[in-house]
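Only one structure is covered here, and it is reproduced in the block below.
Residue numbers start from 1 in every chain, and the chains themselves are labelled A, B, ... in the order their sequence lines are given, proteins ahead of strands. The structure displayed is predicted, hence computed values, not measured ones.
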2 protein chains.
Amino acid sequence: MSSSVLALVRPASPLAAPLFDGPRLAFARDEALFAEGARAEFVYRLVSGVVRRGKVLRDGRRQIDGFHLPGDYLGLELGEHYRLTAEALTAVTVVRIRREALHGLAEQDVRAARALLDLTVGELGRCQDHVLLLGRRAATERVAVLLLDFAQRSGAESLVDVPVSRQDMADYLGLTIETVSRCIHQLQHDGLIALPTPRKVLLRDRAALERMVG
Amino acid sequence: MSSSVLALVRPASPLAAPLFDGPRLAFARDEALFAEGARAEFVYRLVSGVVRRGKVLRDGRRQIDGFHLPGDYLGLELGEHYRLTAEALTAVTVVRIRREALHGLAEQDVRAARALLDLTVGELGRCQDHVLLLGRRAATERVAVLLLDFAQRSGAESLVDVPVSRQDMADYLGLTIETVSRCIHQLQHDGLIALPTPRKVLLRDRAALERMVG
DNA sequence: CGGACCCTTGATAGCTTTCAAGTCAGGTGG
DNA sequence: CCACCTGACTTGAAAGCTATCAAGGGTCCG
């Protein structure tokens with residue numbers, strides 16, 4: 001069980017209880033929770049919806065670092081400024097906490113400090129897997145990794161929900177939208193998956209997919 | 001083991017004092033400090049030498065996550081097992097501490113806990129930058145980024161020491177050794193750099209390099 | 001001088017991108 | 001209810017970039 005890249009980010013070791021709680025906030029689809037470079041004032045816990053987190057180069061090239069689902073924490077960069085942008089892919093609700101308040105929590109409670117560290121370490125591990133994927137995997141492998149991640153995340157037996165657009169997949173995988181589409185077609189042609197709808201993937205030969213991913 | 005060598009990896013916010021200290025250990029060139037998958041028993045602080053840290057796919061494809069220089073910490077993954085392999089590129093000396101001891105330290109001393117978190121967050125930030133480089137930059141840009149990193153790290157005005165082989169550069173940049181060589185040639189041809197020796201790069205037009213990197 | 005290793009260079013192949021249509025589903029308004 | 005429109009996805013053809021395969025230096029060191 002090599003730690004395959006987890007596209008959908010989740011706590012490394014699930015916390016028994018949320019690290020913090022509080023009133024809920026809503027964001028509309030396409031709204032930014034926070035932007036790269038802005039002062040990092042808050043840390044968020046996602047309650048519902050899907051969020052993408054990434055960066056853009058000045059010329060518009062975009063790289064997505066990960067997708068977030070309910071339960072995930074956002075803004076753990078914990079520096080003075082956010083290092084990337086988080087945007088709602090759907091309507092989203094979150095709980096947020098001031099960064100200083102979270103640090104205060106960690107100073108008073110050893111368990112909170114440890115949980116915070118574990119979350120950050122988990123994020124680091126996923127980021128390292130992402131580096132391997134982008135540096136050394138061919139296009140079809142990348143797509144297979146992502147589909148398996150979606151599958152694992154959803155816990156679905158074989159019918160997997162793809163919660164993001166082809167463009168977002170491409171920007172996560174370091175490919176173009178056309179290449180993603182062609183790779184999916186290839187996997188379908190090889191009998192590894194079927195595509196009831198563009199956003200639903202049926203895993204027909206999960207073992208073969210996992211072999212491909214290594 | 002010239003102290004002018006540089007690396008991509010450095011503490012996010014330099015610690016006033018080392019997080020821990022103790023007796024020194026030596027590793028020979030090409031020796032592994034620890035291997036991916038092994039039980040993560042120790043955390044290391046590099047005292048002298050250069051270390052590379054990375055993963056390999058089963059078919060031999062290699063991806064390097066970063067290069068480490070004196071002052072850097074290794075093994076901060078802090079999970080049950082190391083997530084990557086660390087190997088000495090030169091003779092190396094380190095100080096090491098048991099993982100549990102470090103956690104104990106963090107539990108007793110809020111400042112240590114915070115330093116540990118900051119180190120991990122810094123590592124995460126560098127990893128995110130690496131993802132952007134691998135996902136969305138062309139070969140020559142990647143090489144330029146690495147050369148500028150080496151430059152910044154060494155603090156050299158214009159004559160930069162490249163402390164790693166072309167193969168290691170390639171494995172860090174997600175390229176082949178030939179492509180790295182050709183990109184360096186290209187930069188030289190365009191007058192941005194000169195190459196007194198293969199491991200010494202003279203920055204002739206740093207502004208242009210930085211423009212290229214964005 | 002010979003050998004080993006690292007780096008460079010050349011030619012060709014292959015994969016992914018780019019450019020350009022074309023299809024499909026969902027939503028809107030007539 | 002249907003025509004239309006828009007956005008998302010797919011498909012095709014050609015170009016471009018990087019990898020692969022294959023030599024060819026250069027340097028260090030025995």
(message) Using side-chain heavy atoms (C-beta onward) and a distance below 4.5 Å, is Leu147(A) in contact with Val162(A)?
(response) yes
(message) Whole angstroms only, please: what is the CD-P distance between Gln188(A) and dC9(D)?
(response) 14 Å
(request) Round to the nearest Å and state the distance from Arg137(B) atom CZ to dT18(D) atom C1'. (result) 18 Å
(message) In this structure, how many angstroms lie between the P atom of dC6(C) and the CD atom of Gln167(B), rounded?
(response) 9 Å
(request) Take atom CG of Leu134(B) and atom P of dT16(C), then tell me their distance rounded to the nearest Å. (result) 15 Å
(request) Using a cut-off of strictly less than 4.0 Å between a heavy atom of the residue and any atom of DNA chain C, enumerate the qualifying residues of residues 173-186 of chain B by number. (result) Glu178(B), Ser181(B), Arg182(B), His185(B)
(request) Quickly work out the Leu195(A) CG to dA8(D) P distance and round it to whole Å. (result) 17 Å
(message) In this structure, how many angstroms lie between the P atom of dT18(D) and the CZ atom of Arg136(B), rounded?
(response) 14 Å
(request) State the CD-CD distance between Gln128(A) and Glu36(B), to the nearest 0.5 angstrom. (result) 9.5 Å
(message) Using the rule side-chain contact (heavy atoms from CB on, under 4.5 Å), only one of Met169(A), His185(A), Gln167(A), Arg142(A) pairs with Val180(A); which is it?
(response) Met169(A)
(request) Describe, as an angle rounded to 10 degrees, how the axis at the first end of the helix from dC1(C)-dG30(D) to dG30(C)-dC1(D) is tilted relative to the axis at the last end, five pairs per end. (result) 20°
(message) Please report the interatomic distance CG(Leu119(A)) to CG(Leu117(B)), rounded to the nearest 0.5 Å.
(response) 10.0 Å
(request) Return the set of residues passing side chain to side chain donor-acceptor pair (under 3.5 Å) with Thr179(B) (not counting sequence neighbours), or none when no residue passes. (result) Thr176(B)
(request) Could you please spell out the steps behind the salt bridge (charged side-chain N to carboxylate O under 4.0 Å, His left out) verdict for Arg126(A) and Asp65(A)? (result) CA-CA 9 Å; Arg126(A) 281 184 294 278; Asp65(A) 278 67; over 6 Å; no
(message) I'd like to know if Arg136(B) and Asp171(A) make a salt bridge, using a cut-off of under 4.0 Å between side-chain N and carboxylate O.
(response) yes
Please produce a list of atom pairs where a protein N or O lies less than 3.5 Å from an N or O of nucleotides 23-30 of chain D.
none

(message) Going by side chain to side chain donor-acceptor pair (under 3.5 Å), name the residues that satisfy it together with Arg52(B), two or more places apart in sequence or in a different chain.
(response) Glu87(B), Asp168(B)
(message) Looking at Arg45(A) and Asp72(A), is there a salt bridge between them, counting it only when a charged N and a carboxylate O are closer than 4.0 Å?
(response) no
(request) Mind calculating the distance between CG (Leu89(A)) and C1' (dG7(D)) to the nearest angstrom? (result) 16 Å
(message) Checking Glu80(A) now: which residues fulfil side chain to side chain donor-acceptor pair (under 3.5 Å) with it, not counting sequence neighbours?
(response) Arg99(A)
(request) Just do the salt bridge (charged side-chain N to carboxylate O under 4.0 Å, His left out) check on Glu178(A) and Arg182(A) with the steps written out, would you? (result) CA-CA 6 Å; Glu178(A) 295 96 332; Arg182(A) 277 187 259 264; 5.7 Å; no
(request) Quickly work out the Met169(A) CE to dT16(C) P distance and round it to whole Å. (result) 15 Å
(request) Could you check whether Arg199(A) gets within reach of a base, just the sugar-phosphate, or nothing at all, counting any heavy atom under 4.0 Å? (result) sugar-phosphate
